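Throughout, a chain's letter reflects where its sequence line sits, starting with A, and its residues are numbered from 1. Everything numeric here is computed off the predicted structure, so don't read it as measured data.
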Number of protein chains: 2
Amino acid sequence: MARKKTTRKKTTRKKTPARRRPPREPAADRLGALARAIADAAEKGEDPSVRIPTRALSNVDYNAGSRIIEMGDAAQTRSFFNLGQAKKFMQTALVGAGCRELLRQDKTTSIRDLFYHCKHTIEGTKENTFDEQTESDAIIEDLEVALASLREELGLFAEPKGALVGPMVIEDKGDTIDLTRMGSGGYAVPSIVEEDVIKIKSCAARFVLLIEKGAVWRRFNEDRFWDRHECLILHGGGQPPRGVRRLLWRLHHERGLPVYVLVDNDPWGYYIYSVVKQGSISLAFESQRMAVPDAKFIGMSSFDAEKYGLPSAVSILINDRDVRRAKEIRGYPWFKSRPWQREIDRMLKLGVKLELEALSAKDFSFITETYLPRKLREKDWLD
Amino acid sequence: MARKKTTRKKTTRKKTPARRRPPREPAADRLGALARAIADAAEKGEDPSVRIPTRALSNVDYNAGSRIIEMGDAAQTRSFFNLGQAKKFMQTALVGAGCRELLRQDKTTSIRDLFYHCKHTIEGTKENTFDEQTESDAIIEDLEVALASLREELGLFAEPKGALVGPMVIEDKGDTIDLTRMGSGGYAVPSIVEEDVIKIKSCAARFVLLIEKGAVWRRFNEDRFWDRHECLILHGGGQPPRGVRRLLWRLHHERGLPVYVLVDNDPWGYYIYSVVKQGSISLAFESQRMAVPDAKFIGMSSFDAEKYGLPSAVSILINDRDVRRAKEIRGYPWFKSRPWQREIDRMLKLGVKLELEALSAKDFSFITETYLPRKLREKDWLD
């Protein structure tokens, strides 16, 4: 693997001039402008409205140039004096006000918490502003696209999961944290990893290894793989949460670190890789801030059982759902290359899938001492 | 809250003499003895067997003296020359050998990984040693009771979840970690927290607050509740995993820290508290190593909505399942006290439940700045 120059340059605190605009400010400005426009319309006796880009499959496309899933230009107007839109307009204003309150107090909270914050019975009626959290969740996504801001910039986070260790020093809310000294548990990756929360102070890693599961990540940590191979090891507890994806994006784009993804050999593993690489269809507007088109798929491949001599007893037969899912994924534009078609066809032909833990049939540390080192040495990955 | 003397005494590394028997050794000794007994019987031409305490409701009882759920003395013999037991006997020997291998290599792994390690097709047959992980999981529980050892002492862990911060310094696998400097993510609590992995070097906390959910824990961390109230804040991402429960046990028993449990006001919240306090029925043999009978239930109580003036819109109607579950819990011997009967009856009478996030209807930091401080001041908890 080529050692990139950028990854060796250490940033010290002194070299960085004090930032004058914290990252949440642009989002706050745009939110303020949206509120101002509504108030202006109301004062002039006009119909207040907000313009919201359309979040639907019809407005999503794969950009072959940038290699990410992107939103199109379609948008719709949500106005107060439209009977079918009045409730959603009110909800949009309430969620906006809640976010404004968070920004003003310089706090962050969960989307569930915001739901409760915005929920009340409208005076003189039996009507609630919100009945279910799904309603406020949808409005949050509307606001994200309308303001071109991630929810994290508005102060909202999802349940955090995932852990990280390796040769990097970060500053998290003012605490300096050396990620080589995190013991067996690792650094719990928070949901919000924007630069005002997490600063990368120095980094001596040559690449990032994203591992699907916490249990397998633990094997890599216990065997100090990150030390022997000068890398960061990161897991997202299954489908990586937004914080993990965003941190991966920063490590790749700010530090130029190559990203390798290690998942189970099943359609779900392909899908996890696909979301890391190109973004997800349902949340396409985040792709530019989250997707890492250069991420490589390092395993497990459908060819690995044979290549590494695994006993057949550790294979699992694929079911109808796996077959359907594999065929669907085979049709994605970004899996159209010959090697990817071979990879997926092989799974369908063999009719079996494999979990990462299957490598333990050889030896508990086969995955860290033999499998992955050989993969890296032979550049045995898919793009 | 009374400040316990023991919590102020700081342990430094020098004062602790080098331990000669690492905590995993007793388990390894007992495993060795079990293997020796099998080998001896085989050499003498006798029927090899293992004696396994019965893991069933019939062999479980609530000990009103120690206030934990305990196993009885019933046991069964599993022997090799019994056609109905031969496969399970073989599986017991295989899982034992896998654990022995882990102990010998001084490694730890997941129960899924061990399943794959033990799984193979028996030579000359089409029979697998294990087909499903449920089989090896059950054998692991058998071995735990047969050896009177926790799985963690055998080197096995579950998927880790949960995080911790507060005024305590620990040593995790040789790394010294200051839990006041963990940023927004906190210290990810590993699955194995035995003393050979995690040493408590010093602790200035006056109590431990166990919070049901990660998202609410984050509010407490962001508001630095642990700093203002000199405490540890810990969450287990819902039902706390074994690592979190075991660490709580150690903090309570080794450091004398009072434990307060903060959960949603619903039957599931009561149940989480119940497991922390008395242990679970299905894994009763762990209770002595995991249960904290002195743990207090600090909220949310069915009386809190009225006491703290929450709007009715944030309540959720309980469903049939909630009612059934609440009545079941009301029947537990350890919930027979008057205050607990009132607490559960009140939920059933009001017909509503509340999530911790409902407190945000007042203000985002109402829970950390008003609700919990008042609860602690007024000693408003249940035992």
Side-chain angles (χ1 to χ4, degrees), chain A residues 101-102 105 107-110 112-117 119-121 128-129 157-161 163 170-177 180-192 197-198 213-216 218-219 222-223 237 243 311-314 355 357-361 363-365, chain B residues 101-102 105 107-110 112-117 119-121 128-129 157-161 163 170-177 180-192 197-198 213-216 218-219 222-223 237 243 311-314 355 357-361 363-365:
Chain A
E101 190 60 24
L102 279 176
Q105 296 186 22
K107 285 180 180 166
T108 63
T109 201
S110 66
R112 181 126 195 98
D113 207 38
L114 186 75
F115 160 66
Y116 277 112
H117 185 79
K119 181 177 185 170
H120 62 262
T121 308
N128 286 333
T129 52
F157 60 81
E159 189 82 5
K161 51 179 188 158
I170 59 170
E171 195 184 301
D172 178 345
K173 283 265 178 191
D175 296 336
T176 298
I177 300 177
T180 62
R181 305 182 60 79
M182 298 306 293
S184 52
Y187 168 70
V189 179
S191 177
I192 301 186
V197 177
I198 293 186
K213 297 158 162 175
V216 177
R218 197 187 147 101
R219 157 68 43 232
E222 189 167 291
D223 292 348
S312 63
V314 298
E355 291 193 278
E357 288 92 335
L359 292 163
S360 292
D363 180 68
F364 287 121
S365 291
Chain B
E101 190 61 24
L102 279 176
Q105 295 186 22
K107 285 180 180 167
T108 63
T109 201
S110 66
R112 181 126 194 97
D113 207 38
L114 186 75
F115 160 66
Y116 277 112
H117 185 79
K119 181 177 185 169
H120 62 262
T121 308
N128 286 333
T129 51
F157 60 81
E159 189 82 5
K161 51 178 189 158
I170 59 169
E171 195 184 300
D172 178 345
K173 283 264 178 191
D175 296 336
T176 298
I177 300 177
T180 61
R181 305 182 60 78
M182 299 306 293
S184 52
Y187 168 69
V189 179
S191 177
I192 301 186
V197 177
I198 293 186
K213 298 158 161 175
V216 177
R218 197 187 146 101
R219 157 67 45 232
E222 189 167 291
D223 292 349
S312 63
V314 298
E355 290 193 280
E357 288 93 335
L359 292 163
S360 292
D363 180 68
F364 287 122
S365 291

J.: Which region of Ile198(B), side chain (C-beta onward) or backbone (N, CA, C, O), has a non-hydrogen atom less than 4.5 Å from a non-hydrogen atom of chain A, or is it both or neither?
T.: neither
J.: Among the options Asp363(B), Asn128(B), Ile192(B), Leu102(B), pick out the one with the most heavy-atom pairs lying under 4.5 Å from chain A.
T.: Leu102(B)
J.: As an exercise: rank Gly186(B), Gly183(B), Ala361(B), Pro311(B) by heavy-atom pairs under 4.5 Å with chain A and give me the winner.
T.: Gly183(B)
J.: Sort Val314(B) into side chain, backbone, both or neither according to what part of it lies under 4.5 angstrom from a heavy atom of chain A.
T.: both
J.: Which one, Arg112(B), Lys119(B), Lys173(B), His120(B), leads in non-hydrogen pairs under 4.5 Å with chain A?
T.: Arg112(B)
J.: Under 3.5 Å, is there a donor on one side chain and an acceptor on the other for Arg218(B) and Ser110(A)?
T.: no
J.: What are the two closest non-hydrogen atoms of Met182(B) and Asp172(A), and how far apart are they?
T.: O-OD2, 4.0 Å
J.: Quick one: what part of Arg181(A) sits under 4.5 Å from any heavy atom of chain B, side chain, backbone, both or neither?
T.: both
J.: Between Phe157(A) and Ser191(A), which heavy-atom pair has the shortest distance, and what is it?
T.: CB-OG, 3.0 Å
J.: Between Val197(A), Ile177(A), Thr108(A), which residue shows the highest count of heavy-atom pairs closer than 4.5 Å to chain B?
T.: Thr108(A)
J.: Taking side chain as everything from C-beta outward and backbone as N, CA, C, O, which of these in Thr180(B) sits under 4.5 Å from a heavy atom of chain A? Side chain, backbone, both or neither.
T.: backbone
J.: Could you look at Gln105(A) and say if it's the side chain, the backbone, both or neither that has a heavy atom under 4.5 Å from chain B?
T.: side chain
J.: Mind ranking Arg219(B), Glu101(B), Glu357(B) by heavy-atom pairs under 4.5 Å with chain A and telling me who comes out on top?
T.: Glu357(B)
J.: Is it the backbone or the side chain of Asp113(A) that comes under 4.5 Å from a heavy atom of chain B, or both, or neither?
T.: both
J.: Let's test your reading of the structure: which of Ser365(A), Ala188(A), Ser312(A) forms the most heavy-atom pairs below 4.5 Å with chain B?
T.: Ala188(A)
J.: Can you give me the closest heavy-atom contact between Glu222(B) and Lys107(A), atom names plus distance?
T.: OE2-CA, 3.0 Å
